[in-house]
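These notes concern the structure reproduced below.
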Amino acid sequence: MASYTIPHAPGFVANDAPRIVTERFDDPASFTLERYLATGGYDGLRAALERPPDEVHSEVRDATLLGRGGAGFPAGVKWGFCPPGVWPRYLVVNGDESEPGTYKDRLLMELDPHQLIEGCLIACYAVGLSQCFLYIRGEMALAQERVAQALNEAYEAGWVGRNICGTDFSVDIVLHSGAGAYVVGEETALIESLEGNRGMPRLKPPYFPAAIGLYGLPTIVNNVETLSNLPWIMRNGAEAFTAIGTSTSPGTRMIAVSGHVQRPGVYEITNGTTTFRDLIYGEDYCRGMHPGRELKAFVPGGGSAPWFTPAQLDLPFEASEVGPQGSMLGSGAVMVMDDTTDIPAAALTLTKFYAHESCGKCVPCREGATWLERVLRRVCDGTGTPRDLDVLLEVGASISPGDFPHAAVPERGLEAKPFPYQMTTICFVGPSAFAPVHSALTLFPEEFEARVAANAHLDAELSGDPVSEVPVSV
Amino acid sequence: MSFFTEENRALAGEIIGRYPKRRSAMIPLLHVAQGQAGWVTPEAMTEIAELVDTTPAEVLGTCSFYEMFKREPVGKYLVNICVTMSCALAGAVELMEHAEERLGVRAGGTTPDGMFTLASAECQAACTEAPCLQVNYRYRYRVDTEGFDQLIDDLASGSLEGEIPQHGITARVRQRIPEDRMVGAVPPAEVNEAPVWLAVPAPNGAGSS
Amino acid sequence: MSDTTAAEATPSTVEVTIDGVAVDAQPGELVIAAAERAGVHIPRFCYHERMSSVGMCRMCLVEIDTGRGPQLQASCMVQVSPQMVVDTTSERTQRAQEGVLEMLLINHPLDCPVCDKGGECPLQDQTMAYGPGESRFVEEKRHFPKPIPISELVHLDRERCILCDRCTRFADEIAGDPLIDFTERGNETQVLTFPGEPFSSYFSGNTVQICPVGALTAAPYRFKARPWDLAQTESTCTTCAVGCRIAIQSSRNELVRCLGVDIDPVNHGWLCDKGRFAYGSVGSPERVTRPMQARSGGRVADIAEVEPMRNFEPSDWARALDAVAAAIKTARPGAIAVLGGARGTNEDAYAWSKLARTVLGTNHVDAQLGDGLAADITVGLGTATIDDACTADTTLLVCGDLREELPVLQLRLRGAARSGSTRLVEISPTETGLTRDAARSERCRGGEAAAVLRDLLDGDDPLSDELAAGSVVVVLGRSSVAESAEAAAEVASVLADRVPHAKFLVAARRGNVRGALDMGLSPGLLPGRSLSADPTPALAAVWGELPPEPGHDAAGILAAAAAGDIDVLFLLGADPLTDFPDSVLARLGVAGARTVVAVDTFLNQSTIEADIFLPAAAFGEKSGTTTNFEGRVSELSELVTAPGSSRPDWMIAAELAMLCDADLGFVSVSEITAEIAAVCETHAEAMGSPVDGDGVLVSGAAFEPALPPAHVAPPRDAYGLRLVCNRKLYDGGVTVAQTPALASLRAETALRVHPIDLERVGVASGTEVEVHSERGALRLPIVADSGVGRHNAVLAFPSPELDVGALIDATATVTDVRIETRGTQEPAP
């Protein structure tokens with residue numbers, strides 16, 4: 001064991017909702033093998049090993065375990081996309097959590113690494129994945145240490161490696177630390193990175209990683225939280241899982257709520273039924289705005305998601321309801337802005353993020369995201385012009401053509417434009433740079449107009465049109 | 001001649017052995033190199049190229065893609081202040097201004113004594129604890145200006161040396177796979193059938209795919 | 001055949017609709033390629049049909065509907081599927097294309113007036129065709145210092161670069177030299193080399209050609225010309241025997257650029273840098289452009305070192321040819337010999353072959369200089385093509401390092417091995433450019449590849465089953481000029497009864513050597529791949545009586561000359577002192593000939609000894625045909641006029657015939673081509689009508705080659721090392737020396753041995769040692785190289801600075817050497 005002290009990771013707030021993945025979070029020694037085994041640890045794996053792999057797969061399919069990484073695709077269905085007869089197959093664990101506002105996978109790795117390891121093993125067993133690579137974001141030193149420690153313990157104790165639990169099931173789990181690149185969270189970029197390359201997405205429809213992934217072989221890429229659900233599902237069965245939440249969004253999910261709320265934190269909430277109002281204002285959750293402040297807007301699903309206003313507070317955490325209202329649930333991150341927020345500046349922090357994190361592969365993202373950032377920065381600085389606001393939307397349209405999704409603005413008679421959007425890029429980084437600009441401009445145009453109004457005359461000068469008729473003597 | 005110390009060369013061999021293809025070890029080896037020198041030197045990249053069977057140009061290509069790899073020396077402590085949305089909403093911009101003043105360098109700069117490199121960072125996954133920062137990837141949460149000053153004082157006085165290693169060393173606990181427990185990485189081309197557990201009938205006699 | 005069932009299982013075409021027109025696409029074909037074939041051009045920057053798609057530039061976005069409504073998709077990434085509907089001109093497509101172009105231009109410097117690419121720039125052209133009229137970008141552009149040399153041949157301007165990944169992809173995927181890569185990320189991304197490690201690939205020039213902007217420029221062409229001022233013609237590269245299809249371009253009667261042309265059977269558009277830049281030697285100021293005759297009083301050796309021309313006095317064609325005719329007329333019967341002819345056209349070779357046989361009365365003709373395989377094997381054994389080698393179940397490489405000798409063949413084979421369409425098995429004394437991609441690579445002592453192969457096939461090695469089970473192509477050549485041609489050809493003898501279905505691709509190296517042999521520039525061969533002893537009736541009818549005495553090959557000619565038995569020695573573009581492996585014999589031979597007549601473009605080690613120098617026209621200055629090592633005949637074009645009074649070789653032959661009171665029967669290239677078609681049954685199709693860019697493969701020969709008897713391995717010198725003299729692309733030859741862009745790229749010569757052997761020698765790597773063979777000695781540095789097989793000592797041949805041939809005995813099967821370390825100096829640390 002390490003000789004130095006590890007501060008207990010803050011952020012998690014318990015509540016009355018059912019707990020699936022955060023069961024052990026209150027235990028200060030939750031990350032040790034000893035405590036894990038004492039609290040039902042590896043029972044799920046044992047239960048799985050008692051059954052044939054395809055039954056385990058079916059159980060997970062029946063649980064409708066939606067991917068928790070952002071896209072929300074059912075894990076059991078994804079597993080089924082491995083082409084038959086092509087071996088080997090790999091598992092890549094996406095622990096590269098870096099979507100702005102998102103803070104949950106880190107806690108799962110720091111506080112319950114064995115739960116994740118057990119989930120990995122169940123997935124490998126069910127689908128015949130012969131090696132697992134656990135990719136942890138580079139900046140998460142503590143998560144890397146806790147997972148490394150847990151893996152070392154688990155190897156020694158016979159939970160990982162050769163002939164697990166005395167069966168024919170053998171699999172290595174290799175911890176792989178990233179090195180700082182948001183785009184690597186995109187699953188094809190993650191695979192590139194794992195192959196030792198620049199982390200640039202390589203999406204080649206119709207070949208997704210399940211068919212052609214790591215080293216060109218079938219590869220399942222699953223998020224940390226997704227896999228962390230598997231031990232519980234194997235212990236309690238799919239039926240118990242689907243009894244929580246709704247049939248289309250069963251179980252729980254972890255949501256980080258940050259920004260201008262009284263009690264920001266990471267909450268495990270009941271999927272499908274909990275509403276944004278519950279989460280932001282509920283006594284059990286964030287307890288509303290600071291005294292005297294009003295909710296102005298919130299980002300419902302991580303930095304890439306179009307913004308909502310108080311008008312959408314009563315929507316539940318259910319993709320089929322949020323999508324038509326113009327945004328997405330994404331990676332389980334809600335960022336809350338109160339009435340003191342400088343909207344253009346807030347949008348700039350996100351657009352700057354995506355411009356900085358663009359991998360540089362697709363021209364519209366590489367050039368366009370930086371262009372958006374620079375124009376928006378001028379607008380925020382007070383040196384922008386009204387024309388710049390059009391430029392922002394036009395540049396955005398080159399990244400994401402057509403109607404970009406947005407929430408309804410009832411007071412202006414604006415109806416919601418549903419998700420998803422079109423894009424001229426391979427992955428979502430480009431449109432994500434535009435999303436905050438588009439949301440902010442659509443929901444709060446007056447804040448932008450106020451910033452540029454004083455410079456209206458510059459547009460005319462730049463365009464070369466005569467500013468005024470000056471009598472010239474000849 | 002060789003960049004890596006004998007110990008790290010052995011470690012490199014161990015790491016390479018975990019992957020079906022050597023090149024996959026490139027990022028882990030760059031971490032080992034940065035842990036040894038505090039930054040990634042050209043000599044390290046050349047040696048890694050040899051170890052993973054590629055050219056230094058490709059190692060540079062990969063290395064330079066990732067934020068954490070520094071190709072020039074940085075301070076003993078890299079102070080990354082998050083300036084993305086949640087932290088910005090909680091005063092990260094003001095914190096950064098304070099930090100620049102306190103350390104006497106702009107974001108991106110290193111103090112003349114080589115102790116601190118200040119950098120603005122993107123979201124660090126601690127959004128509920130904003131504003132946050134990392135010193136050599138160790139978190140500090142809800143940092144106000146006094147807290148920042150105290151942190152710098154503590155780092156300068158050496159009182160945090162036990163908790164925060166010098167720049168380059170991220171995780172201090174390494175994965176170690178015992179030889180007798182390791183399944184072993186196999187070059188993909190050498191595998192062409194399903195793993196044994198898929199082929200073996202389960203205890204209850206049911207068939208499997 | 002099984003094809004029928006396969007065709008039933010997968011439909012042979014996929015019907016898609018492109019811009020409202022039904023198109024039959026190939027299964028698996030990319031939309032952009034299917035559209036192209038249907039005549040619909042989709043704009044693109046990163047897509048290149050010879051490389052994998054990356055979908056990077058997004059320029060080729062079009063609306064594709066696969067039943068779920070039209071979606072903007074990169075047409076270079078999407079394969080056709082049944083009922084797919086593609087719209088390349090929809091409003092959304094156009095907007096996307098405009099958007100991409102606007103984005104590409106925001107950081108582009110728009111310095112077209114000073115850019116080499118201006119006028120032939122895809123970015124410029126597509127901006128005109130698909131771009132927005134104006135930019136809304138008012139921010140500061142990205143800036144980089146410009147341009148930076150990334151190698152001696154290529155400059156990089158990062159401001160112009162649009163990051164399409166073509167050059168970096170080429171370097172990695174095609175050339176296998178990933179010495180350039182993207183660095184940094186996002187908006188900061190730039191292409192770079194590793195500091196101190198330049199992009200020194202033999203194929204670097206291709207990146208300049210495929211760069212869709214002016215980011216990569218070729219040092220020799222920078223600011224030389226404007227595209228609209230260039231004259232251009234298609235031709236065939238004759239720098240080596242691959243025969244890459246090229247476009248040559250000139251400005252003001254000077255060759256200024258050479259570009260690869262994509263033909264399926266040969267080069268796929270690629271060129272090696274030697275082929276691409278060797279045009280520089282054509283315009284070299286060192287060219288000899290008027291006839292010269294030796295000064296009376298002979299050679300002034302000490303002056304010649306510094307001022308070679310001082311050996312000669314200017315002459316003119318009338319006097320020079322008279323002098324040659326006089327020498328011919330006074331020569332003893334059978335005492336005239338012609339060495340060379342592999343650097344000219346087929347028509348040149350035919351004319352000289354006919355001159356030798358019908359006017360000079362000699363069979364002493366040899367286009368090879370003792371550095372290839374026997375002529376009958378080169379002509380009669382090789383029936384495989386490059387495509388055959390790229391698709392055979394196994395391709396066995398028993399030849400020199402193709403990267404150094406036939407670079408584009410290396411590219412083709414590497415690509416085939418990587419795509420899995422063939423499996424390479426290599427037996428060689430050292431690692432080669434293909435070792436990394438070979439499924440199997442065996443080391444042997446120089447000259448013992450056949451023995452190693454025999455042991456593998458006769459033992460219980462799986463190779464024999466593998467070769468028996470599938471198609472086999474053997475790329476056969478001399479891996480070392482210090483081993484005899486027979487030792488190299490013995491591989492064919494070993495395979496003859498063990499793998500009878502093996503087909504051979506003979507890796508003849510020098511420009512048109514195959515064509516010269518096909519035209520009879522070999523003592524035992526006559527035009528049309530027939531034996532001298534057995535002329536075809538068609539040939540006999542035109543050529544009449546032929547000299548009865550059998551002729552000497554190069555070694556025999558030089559030996560005879562050394563013995564005083566040659567009165568007139570023609571050096572037809574030949575430099576035996578540089579190229580003949582046994583330089584001692586070459587020197588004695590050239591010195592021993594009574595009259596030496598050089599027909600050449602430059603003074604070189606051999607032609608400086610000439611009594612009469614006749615200036616010849618060079619590549620690009622004459623038309624005709626050439627034949628590559630597969631036997632593929634393709635056209636050569638004339639683009640610039642020969643300097644001074646230089647003339648094509650055939651014309652010199654025709655005039656000499658006339659001065660000897662004979663008539664070769666032709667006064668133009670086309671008459672020669674027609675005569676070849678008439679007298680060579682094999683060449684009737686290839687030479688009978690104009691050939692297209694792909695050329696025409698001439699197959700078949702009128703004889704079976706005689707394989708050397710399989711003999712026991714040559715004796716080994718237990719204390720010595722086996723000398724292996726292999727080729728380097730940038731060698732000691734005149735083409736490289738006279739091409740300013742390439743001359744400085746020649747590596748210094750060192751003796752390379754395996755580290756264990758170096759340990760046995762007992763000196764540090766880099767120490768200067770003495771190398772002794774039975775023949776001679778050299779002093780040079782010895783270096784450790786783990787790629788060299790045990791017991792071999794490897795030296796590049798020919799070397800620009802060392803007389804490596806002094807170690808080699810042309811009559812020996814192999815050459816062993818000893819290393820002496822007396823008085824050696826270790827290198828400074």
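Note that the structure is predicted; figures quoted are calculated from it, not measured. Numbered from 1 within each chain, the chains take letters A, B, ... in sequence-line order.
For C/Glu197, the part sitting under 4.5 Å from any heavy atom of chain B is the side chain, from C-beta outward, and nothing else. Of the atoms belonging to C/Asp177, not a single heavy atom falls under 4.5 Å from chain B. With a 4.5 angstrom heavy-atom cutoff, C/Ile180 touches chain B only via backbone atoms.
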Candidate pair B/Leu133 and B/Asn80, rule side-chain contact (heavy atoms from CB on, under 4.5 Å), full reasoning: CA-CA 5 Å; B/Leu133 62 79; B/Asn80 278 330; 6.0 Å; no
Criterion side-chain contact (heavy atoms from CB on, under 4.5 Å) on C/Arg443 and C/His754, from CA distance to verdict: CA-CA 11 Å; C/Arg443 297 285 81 79; C/His754 190 275; over 6 Å; no
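Ring geometry, B/His98 versus B/Phe148: the interplanar angle exceeds 60°, so the pair is classed perpendicular (tilted spans 30 to 60°).
For the pair C/Lys146 and C/Asp157, the salt-bridge criterion is met [side-chain N within less than 4.0 Å of a carboxylate O].
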